[in-house]
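Here is the structure we will look at, set down as structure tokens.
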Amino acid sequence: MDFPQHELNHIIQALHNFEFTPWKMVGYLGSIMFTSRWFVQLYFTRKLKRVVMPLSFWWLSVVGSALLLSYFIFGKNDSVGILSNFFPAFVSIYNLVVHMREVKRRSLVESEV
């Protein structure tokens, strides 16, 4: 059997044995949320005609990363997936904290005026 045919048979066998589990649902939902943040960013950039990272981008990043981390920790126990999703979650949380501080600072400045 040649190499392409062997690989095709392997893919068909994997699809045939596909099992949809609750943890895979968590993983797919996390992947959809994490990917959708780019569509949100594109929408706001086109709308405002400048590069924008809206707050919803960071929330989608945090929730998507949390779901993917849950999947890779509990559903699959995959260290590569854990490491590849931990850093984006950390950066997204950091950006949300910076945003909240800025909103609080602005409200304090406005209340003093």
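By convention here, the first residue in the shown sequence is residue 1. If you're wondering where the values come from, they're calculated on a predicted model, not measured in any experiment.
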For this session: May I ask you to decide if Gly81's main-chain N or O and Ser84's side chain share a donor-acceptor pair within less than 3.5 Å?
Result: yes

Problem set entry | Separation between CZ of Phe34 and OG of Ser31, rounded to the nearest 0.5 Å | 9.0 Å

Exercise. With Phe57, which of Phe39, Trp38, Phe44 fulfils ring pair (Phe, Tyr, Trp, His ring centres under 6.0 Å)?
Worked result: Trp38

For this session: Can you establish whether the number of heavy atoms outside Trp23 located under 6.0 Å from its atom CH2 is more than 12?
Result: yes

For this session: Output, in order, the C-alpha distance, side-chain angles, deciding distance and verdict of side-chain hydrogen bond (donor to acceptor under 3.5 Å, both in side chains) for Asn9 and Gln5.
Result: CA-CA 6 Å; Asn9 287 341; Gln5 184 64 38; 3.2 Å; yes

For this session: Working to the nearest 0.5 Å, report the span between CG of Asp78 and CZ of Phe72.
Result: 5.5 Å

Exercise. Is the number of heavy atoms from other residues, nucleotides or ligands within 6.0 Å of CZ (Phe87) greater than 12?
Worked result: no

Problem set entry | Any donor-acceptor N/O pair, Gln41 side chain to Pro54 backbone, under 3.5 Å | no

Exercise. With no hydrogens and no angle check, is any side-chain donor or acceptor of Arg106 less than 3.5 Å from a backbone partner on Val103?
Worked result: no

For this session: Decide yes or no on side-chain contact (heavy atoms from CB on, under 4.5 Å) for Asn95 and His99, but give the supporting numbers first.
Result: CA-CA 6 Å; Asn95 282 306; His99 175 77; over 6 Å; no

Exercise. Would you say Thr21 and Val26 make side-chain contact, with heavy atoms under 4.5 Å?
Worked result: no

Exercise. In Å, rounded to the nearest 0.5 Å, how long is the span from CE of Met100 to CG of Leu55?
Worked result: 7.5 Å

